[in-house]
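One structure below.
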Amino acid sequence: MRVLFALLAVVALTAAEVFFKEEFNDASWEKRWIQSKNKDDYGEFKLSHGKFYGDSDADKGIQTSQDAKFYSRAAKFPKKFSNEGKTLVIQFSVKHEQNIDCGGGYVKVMASDADLADFNGETPYNVMFGPDICGPGTKKVHVIFNYKGKNLLIKKDIRCKDDEYTHVYTLIVNPDNTYEVLIDNEKAESGSLEADWDFLPPKTIKDPDAKKPEDWDDREYIDDPEDSKPADFDKPEHIADPDAKKPEDWDDEMDGEWEPPMIDNPEYKGEWKPKQIKNPEYKGKWVHPEIDNPEYTPDDKLYAYKDFGAIGFDLWQVKSGTIFDNVIVTDSVEEAKAFAEETWGANKDAEKKMKEKKDEEDRKKAEEEEKKRKDEEDSKKKGDDDEEEADDEDKEEAHDEL
């Protein structure tokens, strides 16, 4: 039985189709990834494994290298494809080793006719996916679909990772109009395309001809008609201070007529309101009846695009340093998961260990520099004190000679 399952797994992987795969292993990536010419001051992507890594070769990716810059590079697929009738998987890794404060970390997947030499924020795309961070208020995973010319944002809030380690982001779009978002090969969100995006108008709408009956009483409680305000209830909120006395030096002609200051009235009971009783005529909350929406037409191919053919990074970053790596677009969830484990999964522990070692070294270095700085300050202060003491002694000797 185990052999059968293994064979089935091999068959599934063999049947999988990988439409695009990029590991940024060497300088040849620059030939595949076209630099946009839409602006003349784009930031530069550089091949780097960063300050800490698990494997110096395998962990190389393209890194943003200039602060406060737009970045725009994209690559064509070997051939265009449609995801109609099949699963679509978009996956890549992101490493914000600079402890990013504000900047994008997402990809845009486009049609094959996209002009990559002019790739920019206005370039049409099919899907935009990945993390976006800006301050403490924005730390989310974008999942945006273009549908009939409109870019539709997900209605759920998917929180992205905001640490300095490498993380893998995976979007799975299924032919049954469902989706799943994975972070580090674990489910972060899932659901229905129709429910979680505004692809279609609502199935039902409020009946425009329906109105609440005039005699419909939706007050659950009413004032007790037999309740009346007590005779001694009307007390003012503030009264003149009975202990206050006019100052002896008060001059009515000069200062005006003296009035005692006001204080809170201890007998004030607040605004009187009759007690509430159950309304015998209460019929419940009126619910507006709904009817089928004549503008609603179901679409069982919300997930489908006729043409996928390019992928790109179109970003703004305040603080540079993000590394992108291991991009894959495929029709196999198993293929994508296996690729993530072969790359991120194989090196994440070593990356974490190297980062912790570097942090400890940096901490010790900072402590040593701080100690050196304090020692120099103390030494300088002692020297100044000794010099001042010598000056005082010289003055005393000169005074004695006189």
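Numbers here are sequence positions counted from 1.
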Inset, instruction - Could you walk me through whether D162 and H96 pass side-chain contact (heavy atoms from CB on, under 4.5 Å), step by step? - result: CA-CA 8 Å; D162 61 355; H96 291 309; over 6 Å; no
Distance-only criterion, 3.5 Å: show the donor-acceptor pairs between side-chain atoms of residues 231-244 and protein atoms not counting sequence neighbours.
{"unit_1": "D234", "atom_1": "OD1", "unit_2": "K229", "atom_2": "NZ", "d": "3.1"}
{"unit_1": "D234", "atom_1": "OD2", "unit_2": "K229", "atom_2": "NZ", "d": "3.2"}
{"unit_1": "H238", "atom_1": "NE2", "unit_2": "D264", "atom_2": "OD1", "d": "3.3"}
{"unit_1": "D241", "atom_1": "OD1", "unit_2": "D243", "atom_2": "N", "d": "3.0"}

Less than 4.0 angstrom from a charged side-chain N to a carboxylate O is my criterion; do [X] and [Y] meet it?
X: D227; Y: K275; result: no
X: K380; Y: E376; result: no
X: E360; Y: R363; result: yes
X: K39; Y: D41; result: no
X: K348; Y: D184; result: no
X: E84; Y: K301; result: yes
X: E356; Y: K352; result: yes
X: K140; Y: D157; result: no
X: K355; Y: D359; result: yes
X: K374; Y: E370; result: no

Any luck finding a side-chain donor-acceptor pair between [X] and [Y] under 3.5 Å?
X: D118; Y: N38; value: yes
X: T64; Y: Q317; value: yes
X: S332; Y: E17; value: no
X: Y147; Y: D299; value: yes
X: N185; Y: E341; value: yes
X: Q91; Y: T170; value: yes
X: Q276; Y: D223; value: yes

Counting distance only, does the side-chain N/O of [X] pair as donor-acceptor with the main-chain N or O of [Y] below 3.5 Å?
X: N174; Y: D176; answer: no
X: K319; Y: C102; answer: no
X: S72; Y: F119; answer: yes
X: N177; Y: L302; answer: yes
X: N83; Y: Y303; answer: yes
X: N293; Y: K203; answer: no
X: E97; Y: K51; answer: yes

[X] vs [Y] side-chain heavy atoms within contact, under 4.5 Å:
X: F45; Y: E30; value: no
X: T322; Y: V94; value: yes
X: V107; Y: V327; value: no

Legend entry - Option from K358, K364, K365 for which salt bridge (charged side-chain N to carboxylate O under 4.0 Å, His left out) with D362 holds: K358
Legend entry - Single hit among N347, N326, T343, T166 for side-chain hydrogen bond (donor to acceptor under 3.5 Å, both in side chains) with D59: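 That would be N347; it is the only one of N347, N326, T343, T166 passing the side-chain hydrogen bond (donor to acceptor under 3.5 Å, both in side chains) with D59.
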Inset, instruction - Answer yes if the ring centres of W197 and Y179 are under 6.0 angstrom apart, and no otherwise. - result: yes
Inset, instruction - Answer yes if the ring centres of F77 and F308 are under 6.0 angstrom apart, and no otherwise. - result: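 Ring centroids of F77 and F308 are no less than 6.0 Å from each other.
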Inset, instruction - Only one of F129, F24, F70, W33 passes ring pair (Phe, Tyr, Trp, His ring centres under 6.0 Å) with F313; say which it is. - result: W33
Legend entry - Residue list, side-chain hydrogen bond (donor to acceptor under 3.5 Å, both in side chains) with D325, at least two apart or on another chain: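 D325: no side-chain hydrogen bond (donor to acceptor under 3.5 Å, both in side chains) contacts found.
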Inset, instruction - List the steps, then state whether side-chain contact (heavy atoms from CB on, under 4.5 Å) holds for E335 with V89. - result: CA-CA 9 Å; E335 178 79 22; V89 185; over 6 Å; no
Legend entry - Face-on cation placement of K95 at F52 ring, 6.0 Å and 45° thresholds: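 Yes, K95 lies over the aromatic ring of F52.
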Inset, instruction - Could you check whether the rings of Y305 and F145 sit parallel, tilted or perpendicular, using 30° and 60° as the cut-offs? - result: parallel
Inset, instruction - Please indicate whether E257 has more than 12 foreign heavy atoms, meaning atoms of other residues, nucleotides or ligands, lying under 6.0 Å from its CD. - result: no
Legend entry - Step-by-step side-chain contact (heavy atoms from CB on, under 4.5 Å) determination, Y71 to Q66: CA-CA 9 Å; Y71 292 83; Q66 296 167 280; 3.7 Å; yes
